[in-house]
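Worth saying up front: this structure is predicted, and the values here are computed from it rather than measured. These numbers come from the heavy atoms of this one structure, side chains and all, not from hydrogens, waters or symmetry mates. A, B, ... follow the sequence lines: proteins, then strands. Residue 1 opens every chain.
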Amino acid sequence: MDTHSAPTSEKSDFVRDIVAADLRDGRASGVVTRFPPEPNGYLHIGHAKSICLNFGIAAEFSGRCHLRFDDTNPVKEEQEYIDAIEADVRWLGFNWGEHLYYASDYFEQLYAWAVDLIGQGKAYVDDLSADEIREYRGTLTEPGRESPWRGRTIEENLNLFARMRAGEFPDGARVVRAKIDMASGNINFRDPVIYRILHVAHPRTGDAWCIYPSYDFAHGQSDAIEGITHSICTLEFQDHRPLYDWFIENLPVPSKPHQYEFARLNLTHTVLSKRVLLRLVKDGYVRGWDDPRMPTLTGIQRRGFPAEGIRDFAAMIGVARGDSVVEIEMLEHAVRGVLNRTALRRFAVLNPLKVVIENYPAGQVEEMDVMNNPEDPSAGTRKVPFSRELWIEREDFMEDAPKKFFRLAPGREVRLRSAYFVTCTDVVKDADGDVIELRCTYDPATRGGAAPDDRRPKGTLHWLSAGHAVPAEVRLYDHLFASPFPGSEGRDLFDDLNPESETVLEGCLVEPVLADATVGETVQFERLGYFCVDPESTAGAPVFNRTLTLKDSWAKAQAQTTP
RNA sequence: UGGGGCGUAGCCAAGCGGCAAGGCAGGGGCCUUUGGAGCCUCCAUUCGUAGGUUCGAAUCCUACCGCCCCAGCCA
């Protein structure tokens, strides 16, 4: 387990309550959980909730959690996803030790159990086509009809099943079905398919098989093989629980696991659907699975969200059985909480405006000491060069400034953070009347940012020495979808994409120490937000991704007065 | 009209017969060398609705209403 994770608090939810009760009452002597992804896509923040739940419970109750790939459908699964999933779970801070498994590890056993079921007269080979099976299944309100092949003899079924395995039939020619109850109100009991023919190579087993077990026939039995005590999944599997139990009861499995369901995560302003995420990637709406706007764990990581923040978020939202949509602000709050404590502060000017300090000696350079993190004095200080010509943020100057604008304006004095107080004395404009430079004077007595007479400017600005600033590209990120509920009210999901989810800024400037920042490092650009170094950075040409802005009460007030 | 779930504040969520935790968002204030952070404070006389049981109900019972999931040889 990650050493950074907070000490186990008294987290409580209905799943943990069940586990605790099972342990207390002796229904279980230990806890074994599992996180069972299908390797058909990348993990996203919704999976993080499940990962934190499963690994979290195992850790809290001194048990263990397995990572098991649910790889029973080779037509959708790929090794690339297997590798990415492992990396993402590890990044999140969890460790499965020796317990890495694949449902495909159990194909031989599963096959034997299917034979067993046939031998008991509880499963049969069906020659109906997929369409016919659907017709025979009935509807939600009408019972289904039994397949004409349901009465085959055990011998014939066994023979046919062996020939299915041997590859004698094409895809879709036959399936094996459990013989349960075509009239059940639970459609999963209407003779569910447990084996289908798929002449497709499997990422793990290659061409060893041309028949593959269905999810229902593989999941519970895999749990039983691994000695899983609490098989935790999402709500849509509730209807499958009776079937899960049926296989456990009717097969000579080594243990009897139980399934519990919780509500999957939904988040505003994004989409957590593998199908949609795949399309965003394949159709080029984003830079890839790791695009900083994607809710994938790899995207979130590239965006600069720390794993600890994701874990905090998971703990914050809890676990329950009711469908819900969590506001993305909660995730952002958790991330800011971690970053505020850990991110080093740096100066960066995104939209530069030249400032000349007229009474500052030309050619002089002072190394100002600046705190790396006011929240954490142990982070120390750094030197930031100060000189006669500076850059400040264009937004930090206003020619006709209202009273509540606490920044630079003609005749007004502000503090340049950790440097000096400066007063704007003149404004230089170009032929179009646009401000291109500010002339200021500084007060030598305010070195470091404090005045001997204790006067306190209302505003404090970040700045950069013109002769020392390092150019950088900065990518501003915002919610992937403009609507909190993408695709709601009949809208096309893709029409809700936020056109301003990514804004690339060229010509930004950062302080010298950032010239060789390492990829993945997240810092706070003072007064602007948290930014991390993107993998596309090259030597001398850093690229920063805006992880999150700082909360900005000034911007909020502005938004309210100018609707 | 079948089966399975769920309804506590704008959002997430405790609560398990004794008189509505906490967090996010939002409002107000203090403080501040980040309009950040931090701190203080306000924000459900009421728990989908209607009845009933009880000295007492968000918690128990009944009925109703609303929302979600299920008719893949996906998971």
inquiry  = Distance check, C1' atoms only: rC19(B) and rA58(B), in whole angstrom units.
reply    = 11 Å
query = Trp113(A) and Phe217(A): aromatic ring centres closer than 6.0 Å?
reply = no
message = Quick check: on RNA chain B, is the nucleotide nearest Met316(A) upstream (toward 5') of the one nearest Lys49(A), or the reverse? Name the residue that is more 5'.
response = Lys49(A)
task = State the syn/anti category of rG72(B) according to its glycosidic angle, syn meaning within 90° of 0.
result = syn
message = Over all strands shown, is Ser324(A) touching base, sugar-phosphate only, or nothing at heavy-atom distances under 4.0 angstrom?
response = sugar-phosphate
inquiry  = Within the 4.0 Å limit for protein heavy atoms, which parts of nucleotides 30-44 of chain B are touched? Write it as a string from 5' to 3', B for base, S for sugar-phosphate only, - for none.
reply    = --SBBBBS-------
query = What is the distance, rounded to the nearest whole Å, between atom CG of Asp13(A) and atom C1' of rA13(B)?
reply = 11 Å
message = Categorize His240(A) for me: base, sugar-phosphate, or nothing, with a 4.0 angstrom heavy-atom threshold over every strand shown.
response = base
With Asn340(A) via side-chain contact (heavy atoms from CB on, under 4.5 Å) - residues at least two apart = Arg345(A), Glu375(A), Tyr530(A)
message = What is the distance, to the nearest angstrom, from the CZ atom on Arg68(A) to the P atom on rA75(B)?
response = 13 Å
key: Same-atom distance (P) from rC43(B) to rC69(B), integer angstrom   = 37 Å
task = Starting at atom CD of Glu327(A), determine the distance to atom P of rA9(B), rounded to an integer number of angstrom.
result = 13 Å
key: Between rC12(B) (P) and Glu329(A) (CD): distance, integer Å   = 13 Å
message = Using a heavy-atom cut-off of 4.0 Å across all strands, would you classify Tyr195(A) as base, sugar-phosphate, or nothing?
response = nothing
query = At under 4.0 Å between heavy atoms, what does Gly318(A) touch on the DNA or RNA strands: base, sugar-phosphate, or nothing?
reply = nothing
query = Can you find a donor-acceptor pair, distance only, under 3.5 Å between Glu261(A) side chain and rG5(B) base?
reply = no
query = Which residue pairs pass the salt bridge (Lys or Arg N to Asp or Glu O under 4.0 Å) test with at least one member in residues 175-185 of chain A, sequence neighbours excluded?
reply = Asp126(A)-Arg177(A)
request  = Pick base, sugar-phosphate or nothing for Val319(A), based on heavy-atom distances below 4.0 Å to the nucleic acid.
outcome  = sugar-phosphate
query = Using a cut-off of less than 4.0 Å, is there contact between a side-chain N or O of Thr72(A) and OP1 or OP2 of rA75(B)?
reply = yes
message = If the threshold is 4.0 Å, N to carboxylate O, is there a salt bridge linking Arg16(A) and Glu60(A)?
response = yes
request  = For Val175(A), answer base if it contacts any base atom (sugar-phosphate contacts may also be present), sugar-phosphate if it contacts only those atoms, and nothing otherwise; contact means non-hydrogen atoms under 4.0 Å.
outcome  = base
message = When the C1' atoms of rA21(B) and rG15(B) are compared, how many Å lie between them, rounded to an integer?
response = 8 Å
Side-chain donor-acceptor pairs of residues 547-555 of chain A under 3.5 Å, sequence neighbours excluded:
{"from": "Thr547(A)", "atom 1": "OG1", "to": "Arg303(A)", "atom 2": "O", "distance (Å)": "2.7"}
{"from": "Asp552(A)", "atom 1": "OD1", "to": "Trp554(A)", "atom 2": "N", "distance (Å)": "3.1"}
{"from": "Asp552(A)", "atom 1": "OD1", "to": "Ala555(A)", "atom 2": "N", "distance (Å)": "2.9"}

key: Nearest-Å distance once atom P is located in both rG17(B) and rG23(B)   = 25 Å
remark   = Any strand, both distances under 3.5 Å, Watson-Crick or G-U wobble: rG17(B) pairs with none
message = Whole angstroms only, please: what is the CZ-P distance between Arg321(A) and rU8(B)?
response = 15 Å
ask   = Does Thr141(A) make a side-chain N or O approach to OP1 or OP2 of rG3(B) shorter than 4.0 Å?
value = no
message = Would you call the rings of His462(A) and Phe347(A) parallel, tilted or perpendicular, taking 30° and 60° as the class edges?
response = tilted
ask   = Watson-Crick or G-U wobble partner for rA44(B), using a 3.5 Å limit on both distances?
value = none
ask   = Which residues pass the side-chain contact (heavy atoms from CB on, under 4.5 Å) test with Val513(A), sequence neighbours left out?
value = Arg346(A), Arg382(A), Glu511(A)
note = Mate of rC60(B) across any strand shown (Watson-Crick or G-U wobble, both atom pairs under 3.5 Å) is rG52(B)
inquiry  = Counting only Watson-Crick pairs (N1-N3 plus N6-O4 or O6-N4) and G-U wobbles (N1-O2, O6-N3), all under 3.5 Å, who is the partner of rC6(B)?
reply    = rG66(B)
Nearest-angstrom distance, P atom, rA9(B) to rU34(B) = 38 Å
key: Base paired to rC73(B) (Watson-Crick or G-U; both N/O distances under 3.5 angstrom)   = none
inquiry  = As a test of reading the structure: which of rC68(B), rA75(B), rA71(B) is closest to the side chain of Arg196(A), going by heavy atoms?
reply    = rA75(B)
ask   = CG of Leu140(A) versus P of rG2(B): gap in Å, rounded?
value = 10 Å
key: Residues which pass side-chain contact (heavy atoms from CB on, under 4.5 Å) with Arg165(A), listed by chain and number, not counting sequence neighbours   = Glu108(A), Tyr111(A), Trp209(A), Ile211(A)
inquiry  = At less than 3.5 Å, do the side-chain atoms of Asp239(A) and the base atoms of rG3(B) form a donor-acceptor pair?
reply    = yes
inquiry  = Assuming nearest nucleotide by heavy-atom distance, tell me which of Gln238(A) and Thr139(A) is located more 5' along RNA chain B.
reply    = Gln238(A)
Distance in angstrom units between Glu135(A) CD and rC73(B) P, rounded = 13 Å
query = Say you pick atom C1' in rA57(B) and the same atom in rC39(B); how far apart are they, in whole Å?
reply = 39 Å
message = Any salt bridge linking Arg68(A) with Asp105(A)? Criterion: basic side-chain nitrogen under 4.0 Å from a carboxylate oxygen.
response = no
ask   = Which whole-number value in Å describes the distance from Arg134(A) CZ to rC74(B) P?
value = 11 Å
ask   = When rounded to the nearest Å, what value does the distance between C1' atoms of rA25(B) and rA13(B) take?
value = 14 Å
task = Write down the distance separating the C1' atoms in rG48(B) and rU59(B), rounded off to the nearest Å.
result = 15 Å
inquiry  = Over all strands shown, is Leu331(A) touching base, sugar-phosphate only, or nothing at heavy-atom distances under 4.0 angstrom?
reply    = nothing
query = Are any of the side-chain nitrogens in Arg447(A) or Glu366(A) under 4.0 Å away from the carboxylate oxygens of its partner?
reply = yes
